[in-house]
Amino acid sequence: MAQIAVIGGTGMNQWPGLEVRERRSVDTPYGAISAPLLIGRIYGIDAVFLARHGEGHTLPPHAINYRANIWALKQIGVKSVVAIAAVGGIAPWFPPAAVAAPVDLIDYTWGRAHSYSDGSSPHVQHVEFTEPYSPRVRRELVHAALAARIDIADGGVMGVTQGPRLETPAEIRRMKRDGCDMVGMTGMPEAALARELGLDYACLALSVNWGAGIGEGEIHAEIAQSIEQGMAKVRRILEAALPVLDAGDAAGYRA
Ligand code: HPA
């Protein structure tokens, strides 16, 4: 059974190369997942793919059922999750088509169902989030990128906004002052929910545009230009990283 899942975002609604053996619709106590889980084989290992925005990219970031998605992955036995995110670059070192494995995040989202703790359990769960992304999964992503000779930033702070609109230049300036290096709309509550359920979760972030007010160009044109080239890099990193992660999962390695 697959222990590795990839959650694909904008620019990765499908996973080319995945030999799909089963499309599984999972019922969860939280409602429907974004799309059927695609369970199959790729790079010689079992893996699961979930299209975060739905197969036809119909779900905006604030309407994604993050709780159902993460619950479904846990339920089918997934241990490690690589979350692909197309983001805007804020730091000068993160131009369009660059890749990063962020190390920390700031959550600016609101009104999303963001926890499995709903007051019905006798224990209030305050999960530790000092390292919001799994150090093990991050490390393997970075090593794999280096082995595949793809530049990757080992770190960076992800700011997660509510969307679906893009930010104003003043919002991006504020995020920069806050310490954000990149901005996306789907990183939370996904990462926190994965932590609540004990999944090893890390993000592979692809810059597809400069944050509002930083670049010269029009944002949608930048995205159109960089997304294909960037996603090709993401797929090569996955190809190098997933077999190693899978071996670690099989050995019960979690650190
Ligand atoms: N802002 C927020 N989310 C994004 C962006 C952005 O500029 N680009 C891609 N996802």
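Keep in mind that what you see is a predicted model, and the values were worked out from it rather than measured. One-based numbering, in listed order, for ligands and for the atoms of each.
Considering backbone and side-chain atoms together, T161 places no N or O closer than 3.5 Å to any N or O of ligand 1. Ligand 1 has a nitrogen or oxygen under 3.5 angstrom from a nitrogen or oxygen of E167. Checking only distances, A86 does come within under 3.5 Å of ligand 1, N or O to N or O.
Of all heavy-atom pairs between T28 and A68, the closest is OG1-CB, 3.5 Å.
Counting heavy atoms closer than 4.0 Å to ligand 1, residue I219 contributes nothing at all. When heavy-atom distances to ligand 1 are checked against a 4.0 Å cut-off, T10 has no atom that comes that close, whether in backbone or side chain. At a heavy-atom cutoff of 4.0 Å, ligand 1 is contacted by the backbone of V87 but not by its side chain.
Salt-bridge check for R138 with D154: passed, with a basic side-chain N closer than 4.0 Å to an acidic carboxylate O. R195 has no carboxylate O lying under 4.0 Å from a charged side-chain N of E128, or vice versa, which leaves the two without a salt bridge. A salt bridge links E171 and R165; the closest N-O separation between the charged side-chain nitrogens and carboxylate oxygens is under 4.0 Å.
More than 12 heavy atoms of other residues, nucleotides or ligands sit less than 6.0 Å from atom CD of E55.
Distances from atom 5 (C) of ligand 1 to the heavy atoms of G11, G88, A205 show the closest one on G88.
Residues Y116 and Y30 bring their aromatic ring centres within 6.0 Å.
Using a 30° and 60° split on the angle between ring planes, Y133 and Y201 fall in the parallel class, below 30°.
H62 pairs by the side chain to side chain contact (heavy atoms under 4.5 Å, CB included) definition with P60, R112, Q162, P164, not counting sequence neighbours.
Closest protein heavy atom to atom 4 (C) of ligand 1: V183 O, 3.5 Å. Nearest non-hydrogen protein atom to atom 8 (N) of ligand 1 is N209 OD1, 2.6 Å. Distance from atom 6 (C) of ligand 1 to its nearest protein heavy atom, with residue and atom name: L166 CD2, 3.4 Å.
When each atom of ligand 1 is checked for a heavy atom of V208 under 4.0 Å away, the hits are 9 (C).
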